[in-house]
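The block underneath contains the structure these notes are about, expressed in C-alpha cells.
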Amino acid sequence: MAALQDELNRRAQSCMNRFGYRVDLTQHNSSPSPMLNQGMNENAYGLTSLSRARRYGYHLTKAEESGGDIKEPSLTKRQQHALNGGATHTEDGKKLPAGGCRAEAERSLGKGAPRMDDEDYAAAVALDVGREVEKDSRVRSAFRSWSACMKQKGFQYTHPMDPGDSDVFLNTAKPGQLEIRTAVADVECKRQTNVIGVWVAVETAYQKVAIRVGGEKLRQVRQSLLVELRNAGLQPELGATVRARHL
C-alpha cells in the first residue's frame, strides 16, 4: 500500500540524512494511488462505474495522475551504496547499517513481526488463485456472456479486462468518443450479465480454500502486515489491505 511505502521511504531517507546524504527518496506523494483510492474494485475487475466511464473512459482523472506519480530519486554511486548496501562505511569512516539504509528501514517497520521463511508465499498463492479462477467454468461462462453483450453493442472483446488494457486508449492524452462508447458498453454489459458478481463469488471461494490449505503461513503474513502498519502508525483496513498486498 502506498502509505506503507511512503513510511518506508521516509525512514530510509532519515537514515541517509543521519550519515550526511541529503537525498529525496519520496516515491509517492501523500495522495493514495488510484488502485487504493478505489478500494481495489476498479482495478481488480476493470471499470465498474458508469458515471466514470461516461466522463473519463479508461483514463485516470487529473487527481489520480498526480497522486500516482512516481518520482525516481537521482543518486550518486556513494548514495546508492549507502541506501542499498553496496558499502559498509561512508567515505569519512562511519559504519553504515547492515544492508544499507533501506534495509534498516525495513527492519524497523518489521520489528516484532513473525519471521517469514518464504516472504513471497502469499503473493504466489494469490497468483495461483487468480489462474484457477480464470479457468473456472462459471467464470468463463460469465466472460462469454459479457463478450456476447459487447458484441451486440458493436465491440469485439473476450475478457473484461481487455478494453482497459488497450493501447489504442492508453496511448492517448484524453479519452475520445470511441473510448467513451466502449467504456460505457463495458460497464453496462458487466451489469447486465453480472460478470463481476460471479467473478467475485468464485474468487472468494477459491481464496477460502487457499486460506485453509496454507493457513499458518498466511496467518503469519497477516500478522506481519499488521505489525508493519502498527509500527508505521497507520490504521489497518484489514480486508482491503490484505487483499491489496497478497490475496
Side-chain angles (χ1 to χ4, degrees), residues 1-2 4 32-50 52-53 57-58 60 64 68 116-153 155-170 182-226 236-247:
M1 60 189 295
L4 196 57
S33 70
M35 180 174 289
L36 291 172
N37 199 35
Q38 297 166 28
M40 294 297 294
N41 291 331
E42 291 286 326
N43 288 269
Y45 307 106
L47 188 62
T48 59
S49 168
L50 193 55
R52 182 186 178 93
Y58 297 102
L60 298 178
E64 288 169 348
M116 296 292 297
D117 293 327
D118 184 0
E119 294 183 354
D120 296 326
Y121 176 76
V125 169
L127 288 174
D128 288 342
V129 165
R131 284 192 287 265
E132 292 302 312
V133 168
E134 295 263 338
K135 292 187 293 185
D136 187 279
S137 61
R138 294 162 294 181
V139 172
R140 292 172 69 87
S141 176
F143 284 1
R144 286 194 296 270
S145 296
W146 171 87
S147 180
C149 176
M150 290 291 285
K151 187 175 182 179
Q152 288 177 354
K153 293 178 182 291
F155 304 100
Q156 293 279 355
Y157 293 102
T158 58
H159 194 291
M161 298 299 287
D162 288 347
D165 290 337
S166 171
D167 289 339
V168 174
F169 303 145
L170 295 178
T182 305
V184 169
D186 178 9
V187 176
E188 288 177 344
C189 285
K190 281 173 180 162
R191 294 183 178 183
Q192 290 174 25
T193 62
N194 191 34
V195 64
I196 302 301
V198 174
W199 201 348
V200 170
V202 173
E203 185 176 48
T204 299
Y206 276 89
Q207 287 175 349
K208 288 180 178 179
V209 172
I211 289 169
R212 286 199 299 271
V213 172
E216 183 54 36
K217 286 186 177 181
L218 291 174
R219 278 191 291 273
Q220 289 179 351
V221 171
R222 177 181 182 274
Q223 184 58 32
S224 178
L225 179 56
L226 286 173
E237 296 179 4
L238 191 56
T241 300
V242 172
R243 187 170 187 277
R245 181 169 172 178
H246 297 295
L247 278 174

Run through V129, V139, I211 and flag the one making a side-chain contact (heavy atoms from CB on, under 4.5 Å) with Y206.
V129

Least distance between heavy atoms, [X] atom then [Y] atom:
X	Y	answer
A183	G57	CB-CA, 3.7 Å
L170	G164	CD2-O, 3.5 Å
V187	A53	CG2-CB, 4.0 Å

Please round to the nearest 0.5 Å and tell me the distance separating atom [atom1] of [X] and atom [atom2] of [Y].
X	Y	atom1	atom2	value
S147	Q152	OG	CD	10.5 Å
H159	R140	NE2	CZ	10.0 Å
M161	F143	CE	CZ	9.0 Å

Any side-chain heavy atom of [X] sitting closer than 4.5 Å to one from [Y]?
X	Y	answer
P160	W199	yes
T182	Y58	yes
Q156	K151	yes

Qualifying salt bridge (Lys or Arg N to Asp or Glu O under 4.0 Å) pairs, either residue in residues 182-196, two or more places apart
K153-E188, D186-K190

Short question: side chain of S166, backbone of D162 - any donor-acceptor pair under 3.5 Å?
no

Keeping T204 on the side-chain end and V200 on the backbone end, is there a donor-acceptor pair under 3.5 Å?
yes

Go through it in stages, so that I can follow the logic: the residues are K135 and E132, the test is salt bridge (Lys or Arg N to Asp or Glu O under 4.0 Å), and I'd like the CA-CA distance, side-chain angles, deciding distance and then a yes or no.
CA-CA 5 Å; K135 292 187 293 185; E132 292 302 312; 3.2 Å; yes

Across all chains, not counting sequence neighbours, the salt bridge (charged side-chain N to carboxylate O under 4.0 Å, His left out) partners of D165 are none

Mind telling me whether W146 and Y157 have parallel, tilted or perpendicular rings, with 30° and 60° as the class edges?
tilted

